[in-house]
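A note on names: the letters A, B, ... follow the listed sequences, proteins ahead of strands, and every chain is numbered from 1. Everything numeric in this text was worked out from a predicted model, so none of it was measured.
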Amino acid sequence: MSEEKSLNFLEEIIEEHLKQGTYKSIVTRFPPEPNGYLHIGHASSICLNFGLTKKYPGYTNLRFDDTNPETEETEYVDSIKEDVRWLGFEWKHERYASDYFGSLYRFAQQLIDKGLAYVDESSSEEIAALKGTPTEPGKDSPYRNRTIEENRDLFTRMKNGEFPDGSRTLRAKIDMAHINMLMRDPILYRIKHAHHHRTGDEWCIYPMYDFAHGQSDSIEEVTHSICTMEFIPHRELYDWLIEKLEIYPSQQYEFARRNINYTVTSKRKLLQLVNEKFVTGWDDPRMPTISGLRRRGYTPESIRDFCDRIGVAKRDNLVDVGLLEFCVREHLNKIALRRMVVFDPLKVVITNYGQEEEILMSENNPEDEGAGSREIPFSGEIYIERDDFMENPPKKYFRLAPGQMVRLKSAYIIKCEEVIRDAEGTITELRCTYIPESKSGQDSSGINVKGTLHWVSARHALLAEVRLYDRLFRVEDPADEEGDFKDYLNPDSLQVINKVYVEPALHGATPGERYQFIRKGYFVLDRESNGNSLIFNRTVGLKDSWAKKGG
RNA sequence: UGACCCAUGGUGUAAUGGUAGCACUACUGAUUUUGGUUCAGUCAGUUAAGGUUCGAAUCCUUAUGGGUCAACCA
């Protein structure tokens, strides 16, 4: 019965490998650098790498590419681990490139011994000058032909801290005229007298990406090393090093990173937004970070579903954020508890109801009978949404208007009899009558109304704060615009409503529960809430075909 | 004026020489005690030109367009 889902190009490669017996099982890795928080683009890579070893025999390691102590911190390591777990994945081994500094150092010595690496004393400017350009070959460094003994000695002294930062590098000896710039004697090691988040002051030389990543893959016997397309030119060097070092032949495969419109996914840019206070932090709910999405109320299920739907391929892309929103709505619709909250209150007095009150029942989730129901107090004075009333309504307006009837959700049908105004002419109150026989669940009135409104009983309502979020940028692709990307921030990305009126059932709201404020959207309790205050973040609004029609 | 990667509806992704499909979006309509959900339907695509073939989105050539490469970042 089940329709076979087509394979992405990596799954095809792996199935072929498994079929041919190239591998019996596979090993992948997710290799973040701990210099920032993970974002939605990383989620794609996480789902890919971990997803592959869920589908095929094998496992996935979490490996931190921590070879640049100047930008890396333990805070980032912790956040990355939390985010991967939250997304629902468990790694086999937790590893660090820094675990391999000793092996990497010995690999470098082997290269020196084979005459394939040398210590260069050129400055970074001099190296750049001799590098050539994509269309012109480079020139050999004057230090290129030192003896092996000299190189060994110099490299040892680099490690021993005898030289200042930037004064020397270890370079592979390949070909300065190579068509691939990365093969023009790439730098393997540089001197940095910097404190490393894990190895402390043990080392003052650190390997470059190209001399750490592939070697780490190899040490872990990673079979399929999956990275993004900008690393394609690195593959030649990746292979060269593995061949010369005669180590386990991990293979690199590349896919196109996923881009999403109206946001940026560059750790450098996100860091800028954080540092320059354009957002409140890495987990600001407007951020495309995993932690931001989590605080915003996204579920791991919805993010996994999103990654699954956008797929894996090799072409440039700009995915519509609307798809992410669709995924979270789809999930939240099934699990969110329905609650009634009035954002902009308009008082309604039900003139024939009297001073008493009663308890009504309402289902917690019409999509899930198991979610049960809750009690809602009703009384003769309630609040409805100000924009649920119009004095001169257009055709097909189903809400309240003079002489018109609406259903109050889970309660009665009411009819608007009178509009009360203050001295300025602002509507301050509506006088309505209710139809006693129309009680929800036992309606014998025979009246059919088109509109149903949410409401809260005025004397039972609690106060809360809601934070409404919109896209962070006003343009689809901020990174592609002229000038500073920050000039394209959306000034209305955050709207705070300090006082909204919520039904009493929200009193014990917990951060783990998801809510749908009926007709308003999906909300989650923010971590800044406490015993005295309820603060809700809007995850995403409901689809609104009335607003779209210009209603 | 080099090398490499890529090109299918508005967006994302399938079709692996044999009926261009799926999802999102948009638009209709039905249902609805959320103008939500659900259901039914509609619009919409192979960058171009040659070639190979009975047959090409798929293979070849050229062109065009987009991306990547000149960090002691990853």
> Of all the nucleotides listed (G2(B), C24(B), C73(B)), which has the minimum atom distance to the side chain of E33(A)?
Replying inline: C73(B)
>> Pairing check on A40(B): which nucleotide meets the Watson-Crick or G-U wobble criteria with it, both distances under 3.5 Å?
In response: U28(B)
>> Less than 4.0 angstrom from a charged side-chain N to a carboxylate O is my criterion; do D544(A) and R519(A) meet it?
In response: no
> Rounded to the nearest Å, what distance is computed from the CZ atom of residue R258(A) to the C1' atom of nucleotide A23(B)?
Replying inline: 14 Å
> U11(B) P sits how many Å from R309(A) CZ, rounded?
Replying inline: 19 Å
> In whole angstroms, how far is the P atom of A70(B) from the CD atom of E230(A)?
Replying inline: 11 Å
>> Ignoring hydrogens and geometry beyond distance, is a side-chain donor-acceptor pair present between Y522(A) and E325(A) at under 3.5 Å?
In response: no
> Are OP1 or OP2 of G12(B) and a side-chain N or O of R315(A) less than 4.0 angstrom apart?
Replying inline: no
>> Please identify which of these residues, F211(A), W203(A), Y206(A), meets the ring pair (Phe, Tyr, Trp, His ring centres under 6.0 Å) condition with Y105(A).
In response: W203(A)
>> Suppose you measure atom C1' in A20(B) against the same atom in G36(B); what distance do you get, rounded to whole Å?
In response: 34 Å
> Of the nucleotides G12(B), A74(B), U68(B), which one has an atom closest to the side chain of P233(A)?
Replying inline: U68(B)
> Is any side-chain nitrogen or oxygen of R190(A) closer than 4.0 Å to OP1 or OP2 of C73(B)?
Replying inline: yes
>> When the P atoms of U28(B) and U8(B) are compared, how many Å lie between them, rounded to an integer?
In response: 29 Å
> For S122(A), which contact category applies under a 4.0 Å heavy-atom criterion: base, sugar-phosphate, or nothing?
Replying inline: base
> With respect to the phosphate group of C5(B), does any side-chain polar atom (N or O) of R257(A) fall under 4.0 Å of OP1 or OP2?
Replying inline: no
>> Distance check needed: A3(B) P versus F231(A) CZ, whole Å only.
In response: 24 Å
> If you measure from the C1' atom in C6(B) to the same atom in U46(B), how many Å do you get, rounded?
Replying inline: 15 Å
>> If the threshold is 4.0 Å, N to carboxylate O, is there a salt bridge linking R309(A) and E330(A)?
In response: yes
> Between L323(A) (CG) and G12(B) (P), how many Å, whole number?
Replying inline: 11 Å
> In Watson-Crick or G-U wobble terms, both distances under 3.5 Å, what is the partner of U53(B)?
Replying inline: none
> So what does T67(A) touch, heavy atoms closer than 4.0 Å: a base, only the sugar-phosphate, or nothing?
Replying inline: sugar-phosphate
> For the base of A74(B), is there a side-chain donor-acceptor partner from H234(A) under 3.5 Å away?
Replying inline: yes
>> Is it true that Y238(A) and D217(A) share a donor-acceptor pair across their side chains at a distance under 3.5 Å?
In response: yes
> Rounding to the closest angstrom, what is the interatomic distance between U47(B) and U11(B) at atom P?
Replying inline: 12 Å
>> With a 6.0 Å cut-off on the ring centroids, do F523(A) and Y515(A) count as close?
In response: no
>> Base contacts versus sugar-phosphate-only contacts with protein, heavy atoms under 4.0 Å: please encode nucleotides 31-46 of chain B as B, S and - from 5' to 3'.
In response: --BBBBS---------
>> As a test of reading the structure: which of C73(B), C72(B), G66(B) is closest to the side chain of K192(A), going by heavy atoms?
In response: C73(B)
>> Taking pairing as Watson-Crick or G-U wobble with both contacts under 3.5 Å, can you name the mate of A23(B), or confirm there isn't one?
In response: U11(B)
> N317(A) CG to G67(B) C1': how many Å, rounded?
Replying inline: 11 Å
> With nearest nucleotides of RNA chain B determined for A128(A) and T135(A) from heavy-atom distances, which residue corresponds to the more 5′ nucleotide?
Replying inline: T135(A)
> CZ of F211(A) versus P of A74(B): gap in Å, rounded?
Replying inline: 13 Å
> Can I226(A) and E254(A) be said to form a side-chain contact (heavy atoms from CB on, under 4.5 Å), step by step?
Replying inline: CA-CA 6 Å; I226(A) 300 165; E254(A) 309 88 10; over 6 Å; no
> Partner of U46(B) by Watson-Crick or G-U wobble geometry, both contacts under 3.5 Å, or none?
Replying inline: none
> With a non-hydrogen cut-off below 4.0 angstrom, is L182(A) in contact with a base, only sugar-phosphate, or nothing?
Replying inline: nothing
>> When you measure from the side-chain N and O atoms of T133(A) to the phosphate of G2(B), is any distance below 4.0 Å, counting only OP1 and OP2?
In response: no
>> Between the side chains of D120(A) and R144(A), is the shortest nitrogen-to-carboxylate-oxygen separation below 4.0 Å, so that they form an ion pair?
In response: no
> Are H196(A) and F101(A) an aromatic pair by the rule of ring centers under 6.0 Å?
Replying inline: yes
>> I'd like the C1' distance from U19(B) over to A14(B), given in whole Å.
In response: 15 Å
>> Nearest whole Å is fine: how far is A7(B) P from F9(A) CZ?
In response: 11 Å
> Using purine N1 to pyrimidine N3 plus N6-O4 or O6-N4 for Watson-Crick, or N1-O2 and O6-N3 for G-U wobble, both under 3.5 Å, which nucleotide pairs with C4(B)?
Replying inline: G67(B)
